[in-house]
Engineer: 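Before I ask anything, here is the structure I am working with.
Note that the structure is a prediction, hence the values are computed from the model and not measured.
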2 protein chains.
Amino acid sequence: MNSEEEVNDFVKNGHQQYLPHLSIDSVIFGYHDQQLKILLLKWIGLDGWGLPGGFIRRREPLSQAAHRILQERTSLEDLFLQQFHVFGDSPYRLQERSAREFTEKYGLVVGDDNWLFERTLSIGYFALVDYSKVSVRTDFFTTDYRWWDVSDIPPLLFDQNEVVEKALATLRLQIYHQPIGLNLLPEKFTLAEIHSLYETVLGKELDQRNFAKKLVSLGLIKKLAEQRAIGPHRSPYLYQFEKEAYEDALKQGIVHTY
Amino acid sequence: MNSEEEVNDFVKNGHQQYLPHLSIDSVIFGYHDQQLKILLLKWIGLDGWGLPGGFIRRREPLSQAAHRILQERTSLEDLFLQQFHVFGDSPYRLQERSAREFTEKYGLVVGDDNWLFERTLSIGYFALVDYSKVSVRTDFFTTDYRWWDVSDIPPLLFDQNEVVEKALATLRLQIYHQPIGLNLLPEKFTLAEIHSLYETVLGKELDQRNFAKKLVSLGLIKKLAEQRAIGPHRSPYLYQFEKEAYEDALKQGIVHTY
DNA sequence: TTGTATTCCGTAAATTTTACGGAATACTTT
DNA sequence: AAAGTATTCCGTAAAATTTACGGAATACAA
């Protein structure tokens, strides 16, 4: 959505194509080189940063909408995307405050009754990707983007700081239960790679040997016969996710026996 | 909503009061006497059973809407109600198939463009209550209700069987993490009471002594000095939930250290 | 040949979870 | 009053899991 014509059509007629009152907010965790970051977009006019998001087409399954929105923004497909909460306790979470402000900021003439000004509940999704491989697409409303360190998130639009916090909590809670990381690591990876991913996401150190034992005993990864030559003195064994275990996990999560 | 006038107004003008395209479905688990049941309503006209639910008022916080809907239906207030998933992958989850069928069934004349016929996503909530203490209120659309055993749920409207399954899975997963049961047991309860509650919900036997040790060591319950006289040979000690631990749990869940 | 960086294990201790039975109490019945 | 019965109340030993921790072997570089 970049040309003025497209934007105009979206603002004026979007309610015909999309479900009103509902949006999807995506918390895209980007991991690379021992750093966990979140993708934020800068909205023109507003001085704030916000989460990438979008609307659900009227006849589009919800999860498909979440994938489409993420794909449009990052070009990433087939990600593990997880719905984690609906935010709707701030009933006045409006996209803008008034038609006049909107006109001033974007130069688009709209009525006070425009669909974008109505109350919007937001469905939160999160994903974990390798941010060095993502090329972010901006658009008319969001001309800039940046990956922010999770420990240093700026004040966000609306209640989105709460959204990010809840996403992070859910990510950490589920990292041993859901195939988070499947889209992140290469198909074959070393212990060191997955180990530092987990350390970074959880924000704490994990004993290497015990970590490997645990993941193998949970059946999530298996050791391959191959080694990778990555330099002098370095040819660690490769590991791979256990496909079946992951598919089970995708369906039902890994259930604990209490 | 019982009088014809009220119903008419709801059907014709509900979209002015409520957010369209969104509903709340409540899975109300009822426990009593070692049995775990679910409250289902029988819809007139349709031959199916369905979950109690409702709509969100245009300026009403989401969680407040969930409480209101439950309260209107059961008279229960201040419950622990937990949002667990948004269902929106069946894009054609319509309330009815057509205006004509609607008119035939309910004797109300409506247009094909009525708000009730539009696509509706549903936000699932669940609660756990003592079903012997609930007096269910029916209305124009739902003239009958029944508590069904969880192992014997009939085919439900739309995709609601999936909703129930997911609610049950979430309930079991969270029973040691969230203050489920807080609204269920009396303020002071015996070990036998909470023990059989957990056994019933989880659908398996739990060793009494270990169970008590675990709940106490988790800090969820504490033993009181009082005993309860419930009959010959019977005056077990009473236990109580640890208020602070529960409040923490309410806020963030009880987090495991992996 | 020596030195250095890197990978690869395995075991002992601590903790947690599980399994399991018998003693004491208080009332009821005879 | 005594014996019987139903109920509550522990505690410990074994098993499983989790945690802590260091040294030997390898492969290249100097």
Side-chain angles (χ1 to χ4, degrees), chain A residues 33-34 172-177 185-186 188-199 201-240 242 245 249 253-258, chain B residues 33-34 172-177 185-186 188-199 201-240 242 245 254-258:
Chain A
D33 196 20
Q34 310 258 51
R172 288 178 172 158
L173 212 58
Q174 302 208 345
I175 196 168
Y176 289 116
H177 300 234
L185 297 170
K188 296 170 182 179
F189 47 85
T190 66
L191 273 186
E193 287 173 331
I194 193 171
H195 178 238
S196 70
L197 164 63
Y198 273 64
E199 281 194 336
V201 168
L202 295 175
K204 66 180 180 193
E205 293 194 355
L206 301 168
D207 183 275
Q208 293 165 329
R209 282 163 296 185
N210 295 335
F211 175 77
K213 266 186 283 181
K214 176 169 207 165
L215 258 62
V216 172
S217 80
L218 282 174
L220 286 186
I221 64 173
K222 71 177 170 205
K223 186 177 181 176
L224 302 175
E226 302 172 62
Q227 290 169 286
R228 187 201 288 167
I230 49 174
H233 321 290
R234 306 188 65 182
S235 38
Y237 281 99
L238 290 174
Y239 286 74
Q240 198 171 31
E242 290 266 21
I254 295 156
V255 180
H256 277 222
T257 56
Y258 290 94
Chain B
D33 197 20
Q34 311 258 51
R172 287 178 172 160
L173 211 58
Q174 302 209 343
I175 196 169
Y176 289 116
H177 300 234
L185 297 171
K188 298 170 182 179
F189 47 85
T190 66
L191 273 186
E193 286 173 331
I194 194 172
H195 177 239
S196 71
L197 164 63
Y198 273 64
E199 280 194 337
V201 168
L202 295 175
K204 66 180 179 192
E205 293 196 354
L206 302 168
D207 182 275
Q208 291 163 330
R209 282 163 295 185
N210 295 335
F211 175 77
K213 267 185 283 184
K214 175 170 208 162
L215 258 61
V216 171
S217 79
L218 281 174
L220 286 185
I221 63 173
K222 70 177 170 205
K223 188 177 181 175
L224 302 175
E226 302 171 63
Q227 290 169 287
R228 187 200 287 166
I230 48 175
H233 321 290
R234 308 188 64 183
S235 38
Y237 281 99
L238 290 173
Y239 286 74
Q240 198 170 30
E242 290 265 24
I254 294 156
V255 180
H256 276 224
T257 57
Y258 291 94

Engineer: In whole angstroms, how far is the C1' atom of D:dC9 from the NE2 atom of B:His195?
Structural biologist: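 Going from B:His195 (NE2) to D:dC9 (C1'), I get 15 Å.
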Engineer: Compute the bend angle of the helix from C:dT1-D:dA30 to C:dT30-D:dA1 from the end axes (five pairs per end), rounded to 10°.
Structural biologist: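 It works out to 20° between the end axes.
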Engineer: Between protein and nucleotides 23-29 of chain C, what N or O pairs are separated by less than 3.5 Å?
Structural biologist:
| unit_1 | atom_1 | unit_2 | atom_2 | d |
| --- | --- | --- | --- | --- |
| C:dA26 | N3 | B:His233 | ND1 | 2.9 |

Engineer: Could you give the CD-to-C1' distance, from B:Gln208 to C:dT17, as a whole number of Å?
Structural biologist: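 The distance from CD of B:Gln208 to C1' of C:dT17 comes to 17 Å, rounded to the nearest Å.
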Engineer: So, do A:Tyr239 and A:Leu191 sit near enough that their side-chain heavy atoms are less than 4.5 Å apart?
Structural biologist: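 Yes - at least one pair of side-chain heavy atoms lies under 4.5 Å apart.
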Engineer: For A:Asp207 and A:Asn210, which heavy atoms make the closest approach, and how far apart are they?
Structural biologist: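 That closest heavy-atom pairing would be OD1-N, 3.0 Å.
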Engineer: Mind calculating the distance between CG (A:Leu206) and P (D:dA20) to the nearest angstrom?
Structural biologist: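 About 11 Å, once rounded to whole Å.
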Engineer: Considering just the side-chain nitrogens and oxygens of A:Lys223, establish if one lies under 4.0 Å of OP1 or OP2 belonging to C:dC9.
Structural biologist: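 Yes, within the criterion.
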Engineer: I want to check something: taking the side chain as every heavy atom from C-beta on, are B:Phe211 and B:Ile194 in contact at a cut-off of under 4.5 Å?
Structural biologist: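 Yes, close enough: below the 4.5 Å cut-off.
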Engineer: In whole angstroms, how far is the C1' atom of D:dT8 from the CG atom of B:Leu238?
Structural biologist: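 Taking CG of B:Leu238 and C1' of D:dT8, I get 13 Å after rounding.
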Engineer: What integer distance in Å separates B:Leu215:CG from C:dT16:C1'?
Structural biologist: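 In whole Å, C:dT16 C1' and B:Leu215 CG are 16 Å from each other.
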Engineer: Can you measure A:Glu205 atom CD to D:dT19 atom P for me and round it to whole angstrom units?
Structural biologist: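 Rounded to whole Å, this separation is 14 Å.
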Engineer: Can you establish whether the number of heavy atoms outside B:Gln227 located under 6.0 Å from its atom CD is more than 12?
Structural biologist: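 For B:Gln227, atom CD is crowded (more than 12 foreign heavy atoms under 6.0 Å).
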Engineer: Please identify each residue that fulfils side-chain hydrogen bond (donor to acceptor under 3.5 Å, both in side chains) with B:Arg209, with sequence neighbours left out.
Structural biologist: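 Counting only residues at least two positions away or on another chain, B:Arg209 forms no side-chain hydrogen bond (donor to acceptor under 3.5 Å, both in side chains).
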Engineer: Of all residues at least two apart in sequence or in a different chain, which pass the side-chain contact (heavy atoms from CB on, under 4.5 Å) check with A:Glu205?
Structural biologist: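 So A:Glu205 forms a side-chain contact (heavy atoms from CB on, under 4.5 Å) with A:Glu199.
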Engineer: Both B:Lys213 and B:Tyr237 contact DNA chain D. Which one's nearest nucleotide lies toward the 5' end?
Structural biologist: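 Here B:Tyr237 is the residue nearer the 5' end.
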Engineer: Nearest whole angstrom, please: distance from the P of D:dG11 to the CG of B:Asp207.
Structural biologist: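 Checked: the CG to P distance equals 15 Å.
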Engineer: Who passes salt bridge (Lys or Arg N to Asp or Glu O under 4.0 Å) against A:Glu226, sequence neighbours left out?
Structural biologist: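 With sequence neighbours excluded, A:Glu226 shows a salt bridge (Lys or Arg N to Asp or Glu O under 4.0 Å) to A:Lys188, given in chain and number order.
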Engineer: Map A:Ser217 and A:Arg209 onto DNA chain D by nearest heavy atom, then report which one ends up closer to the 5' terminus.
Structural biologist: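 First, find each residue's nearest nucleotide; the 5'-ward one identifies A:Ser217.
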Engineer: Which one, C:dC20, D:dA20, C:dG10, comes nearest to the side chain of A:Asn210?
Structural biologist: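 My answer, after comparing the listed nucleotides, is D:dA20.
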Engineer: According to side-chain hydrogen bond (donor to acceptor under 3.5 Å, both in side chains), who are the partners of B:Gln240, at least two apart in sequence or on a separate chain?
Structural biologist: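 With neighbours one apart ignored, the set is B:Glu187.
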Engineer: Does A:Leu206 offer a backbone N or O that forms a donor-acceptor pair with the side chain of A:His195 under 3.5 Å?
Structural biologist: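 Between the backbone of A:Leu206 and the side chain of A:His195 there is a qualifying donor-acceptor contact (under 3.5 Å).
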Engineer: Calculate the interatomic distance between A:Lys214 atom NZ and C:dC9 atom C1'; express it in whole Å.
Structural biologist: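 Nearest whole value for this atom pair: 20 Å.
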